Amino acid sequence: MDFRSDTVTKPTQSMRNAMAKAVVGDDVYGDDPTVNELEEWVAKENGFEAALFTTSGTQANLLALMSHCERGDEYLCGQQAHNYKFEAGGAAVLGSIQPQPIENNPDGTLDFNKLTAAIKPDDSHFARTKLLSLENTINGKVLPMQYLAEAREFVDFHGLQLHLDGARVYNAAAALDVEVKEIGKYFDSMTICLSKGLAAPIGSLLLGNKAFIAKARRIRKMLGGGMRQAGILAAAGKLALTEQVPQLKIDHSNAKKLALGLAAIDGFHVNPEFIHTNIVFAKLDSTVDIKSLAQKLSQDGITISPGNPVRFVTHNDISERDIDTVLEKIKAYR
Ligand SMILES: *Cc1c(COP(=O)(O)O)cnc(C)c1O
């Protein structure tokens with residue numbers, strides 16, 4: 001049992017079968033029918049004109065930032081945003097794009113007054129503010145639909161573009177019981193990770209209009225992300241977005257069960273208000289030695305990331321019985 005992340009999911013047997021049988025070609029020539037079919041299908045399914053298969057979510061975000069912004073432009077984002085904090089500064093390093101982070105509210109949203117104050121006037125002293133980038137889910141939390149509508153109004157008013165880091169947007173849609181396109185419709189571009197809870201081994205997607213995706217395709221080549229017989233991966237990706245979607249609700253219910261169980265253990269504090277999807281954070285009292293707990297659990301074949309708060313992620317390779325087991329073990333070792 002590995003609770004560190006949903007990235008640890010292994011491809012399903014049906015993914016392996018589909019990969020073995022995938023019809024492939026050279027995707028840099030545009031010749032891979034399985035990649036082409038996935039890109040066309042995912043764009044249509046989610047209300048965008050076009051899509052691009054990428055090596056990772058980090059690459060998809062970087063392509064989005066570099067396609068929306070030129071050198072000397074800036075993007076507004078959260079202080080906790082993956083594409084600010086966890087992507088090695090790629091937009092600044094490789095795109096010469098300045099991030100302008102804003103403190104996230106506890107629910108993951110960004111305050112519009114703070115965003116307004118951060119937009120730079122048209123003056124040669126300043127970078128040009130071009131884009132607002134949001135993340136949904138963010139640390140497992142789903143952004144309210146009303147907030148997305150307000151974000152669209154905000155960017156339209158200020159003449160900005162709106163990007164969604166939707167690494168786990170399928171989790172957000174499952175939690176809200178809406179189609180992903182109901183979330184995507186507010187955004188100019190959106191990423192989707194296939195290799196997290198959706199269990200594909202490799203790959204992400206970037207969605208946007210045709211001109212935007214054409215620009216991103218050129219930059220993907222520049223970054224070394226042009227892959228050849230990538231249909232082997234796209235075949236698994238299609239199953240991630242079809243067969244694996246119902247699993248997300250199971251992951252969410254397992255996370256809720258885990259959160260409630262942890263909250264009942266001495267020294268663990270969970271805010272149930274923020275358990276929307278498959279990620280559980282628990283704050284620990286100083287009486288909990290999380291490193292030693294992690295070590296004991298590892299002897300039972302249970303892997304967690306020691307930290308405070310400690311983060312548990314549920315996914316396709318964690319069952320409801322596993323939740324019972326891990327809770328029993330934590331109680332015993334606590
Ligand atoms: C994982 C993740 C990414 C990056 O995806 P990789 O495939 O790991 O590069 C981007 N954004 C969010 C919110 C993520 O959770």
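Counting starts at 1 for both ligands and their atoms, in listed order. Bear in mind the structure is a predicted one, so any value in this text is a computation, not a measurement. What you see below is based on every heavy atom in this structure, not just the backbone, and it leaves out hydrogens, waters and symmetry mates.
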Practice task
Looking only at distances, please establish whether an N/O atom of ligand 1 is found under 3.5 Å from an N/O atom of S204.
Solution key: no
Handout entry: Atoms in ligand 1 with a heavy atom of A167 nearer than 4.0 Å
Key = 2 (C), 11 (N), 12 (C), 13 (C), 14 (C), 15 (O)
Exercise for the section: Go through ligand 1 atom by atom and flag the ones less than 4.0 Å from a non-hydrogen atom of C193. Expected result: 5 (O)
Handout entry: Close-contact set for ligand 1 against G57 heavy atoms, below 4.0 Å
Key = 4 (C), 5 (O), 6 (P), 7 (O), 9 (O)
Problem - Modelled atom types, side-chain donor and acceptor of D2 and H315, under 3.5 Å - result: no
Practice task
Would you mind listing which atoms of ligand 1 come within a distance below 4.0 Å of any non-hydrogen atom of S56?
Solution key: 7 (O), 9 (O)
Exercise for the section: Mark yes or no for whether H276, through its side chain, and E273, through its backbone, hold a donor-acceptor pair below 3.5 Å. Expected result: yes
Practice task
With heavy atoms only and a cut-off of under 4.0 Å, state how N61 meets ligand 1: side chain, backbone, both or neither.
Solution key: side chain
Handout entry: Close approach, K196 and ligand 1, non-hydrogen under 4.0 angstrom
Key = yes
Handout entry: Residue part near ligand 1, for Q59, under 4.0 Å between non-hydrogen atoms
Key = neither
Practice task
Report yes or no: do D322 and T325 form a side-chain donor-acceptor pair below 3.5 Å?
Solution key: no
Handout entry: Residue pair D6 / T314: nearest heavy atoms and the distance that separates them
Key = CB-O, 4.2 Å
Exercise for the section: Answer yes or no: does atom CG of D122 have more than 12 heavy-atom neighbours from other residues, nucleotides or ligands under 6.0 Å? Expected result: no
Exercise for the section: Provide, to 0.1 Å, the distance between atom 13 (C) of ligand 1 and the closest protein heavy atom, together with that atom's residue and name. Expected result: E135 OE2, 3.2 Å
Exercise for the section: Look at the rings of H68 and F212 and say which category their plane angle falls in: under 30° parallel, 30 to 60° tilted, over 60° perpendicular. Expected result: tilted
Practice task
Determine whether more than 12 heavy atoms belonging to other residues, nucleotides or ligands lie under 6.0 Å from atom CD of Q295.
Solution key: no
Handout entry: Residue selection (non-hydrogen contact nearest atom 4 (C) of ligand 1) among T54, T58, I279, D165
Key = T58
